[in-house]
Number of protein chains: 2
Amino acid sequence: MAEAESEVSRTRIMVAVNESSMKGYPHASISSEGAFQWTLEKIVHYNPNGFKILLLHVQFPPGDGFNEMNRVYTSPSDFQVMKNRNKARGLHLLEYFILRCHQFGVPCEAWIKRGDPKQVILFEARRVQPDILVLGCRGLRTFERIEFGSVSEFCRTHPECPTMVITRKDEDMPPNRVDD
Amino acid sequence: MAEAESEVSRTRIMVAVNESSMKGYPHASISSEGAFQWTLEKIVHYNPNGFKILLLHVQFPPGDGFNEMNRVYTSPSDFQVMKNRNKARGLHLLEYFILRCHQFGVPCEAWIKRGDPKQVILFEARRVQPDILVLGCRGLRTFERIEFGSVSEFCRTHPECPTMVITRKDEDMPPNRVDD
């Protein structure tokens, strides 16, 4: 009963994480690493038992990644292999963040979903009903956002719950701002 | 020195508060009351020493309020009297929130500025550099927002720092949604 009560009074923070576009799995993107770190430092702070971190990683469906561009597909099982491989890679990414949560002493949960990140993050926020949704942001300029899209911008303008967007620091900006 | 260090490590949350459009001073608006309460419950939580609340109240310049519509002005001092009266009313509003912070045990600071709330909130966020800016929101529909304006919408789309918008609960919605 005490456990159930403390679960209820914890503030549930959902953090969307994704892989680095430069280094690939299991490395986290600069923006999601920054958003996660910011959440631990600025909100969870010295009170890890007051919070629960919900880590969501959304994978594009197979075939959307550039890694698959030169591949020749011969049977349906090719897609299955790819799907399983991607899932395993995604689990390594989550393992990294879960380890960080454990080191910090904050309870966590993590899961993978497949689909368009914008839609899936909003769908999961509606389903899970976190108290806060935290998203990293590359800090693209207006024209870059229009050309390359911005998940955080979309989720900020269609909020399912209080949403906080953490923009990459200037010193963390890669040479190509679209990278992450 | 210990005091200075603990000051540095506190997460500084700026909350913009305003008066009720229905009851006037010293009553807080539904949305700013909700945003303030949400901040205490969901972020400050059981760790009041980890945070500092910065309360900003922005007043419109005299003459913008409906209360002044039927007044006849005869000398410059009329405006001065009004300005002072408004400031005193604003102080009562801040007194209410400061009392709440003290009851909760969280350190706070509060101040009043005059001008267009949208611009002043962003200017103050740029000047004070809080870790988080929390704003209440009436939850107006698109056309209502266009007609009556939305401070939180403006600040969310021109963020100076991580900004969190807390929308009024359905059960707190007044008969006229534009009221607050």
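Within every chain, numbering begins at 1; the chains are lettered A, B, ... in the order of the sequence lines, protein sequences first and strands thereafter. For the numbers below, each heavy atom of this structure counts, side chains included, while hydrogens, waters and symmetry mates do not.
When heavy atoms are compared at a cutoff of 4.5 Å, Glu153(A) does not approach chain B at all.
Rounding to the nearest 0.5 angstrom, the gap separating the NE2 atom in His45(A) from the CG atom in Asn47(B) is 6.5 Å. The line from CH2 of Trp38(B) to OG1 of Thr11(A) is 7.5 Å long, rounded to the nearest 0.5 Å. Separation of atoms CE (Met164(B)) and SG (Cys161(A)) is listed at 9.5 Å; rounding is to 0.5 Å.
Proximity to chain B at a heavy-atom threshold of 4.5 Å picks out Val165(A), Ile166(A) from residues 165-180 of chain A, in numerical order.
For the pair Pro162(A)/Lys42(B), no side-chain contact is recorded, criterion being any heavy-atom separation below 4.5 Å from C-beta on.
Residues Ile43(B) and Phe104(A) are members of one and the same hydrophobic cluster, defined by side-chain heavy-atom contacts under 4.5 angstrom among Ile, Leu, Val, Met, Phe, Trp and Tyr. In terms of hydrophobic clustering, with Ile, Leu, Val, Met, Phe, Trp and Tyr side chains grouped at heavy-atom distances under 4.5 Å, Ile112(A) and Leu122(A) are assigned to different clusters. Met14(A) and Phe123(A) fall into different hydrophobic clusters, where Ile, Leu, Val, Met, Phe, Trp and Tyr side chains are chained together by heavy-atom contacts under 4.5 Å. Under the 4.5 Å side-chain contact rule for hydrophobic residues, Phe97(A) and Val106(A) share a cluster. Residues Ile30(A) and Val17(A) do not share a hydrophobic cluster, clusters being chains of Ile/Leu/Val/Met/Phe/Trp/Tyr side chains in contact below 4.5 Å.
Interface check for chain B: of the options Val134(A), Ile13(A), Asp131(A), the most heavy-atom pairs under 4.5 Å are formed by Asp131(A).
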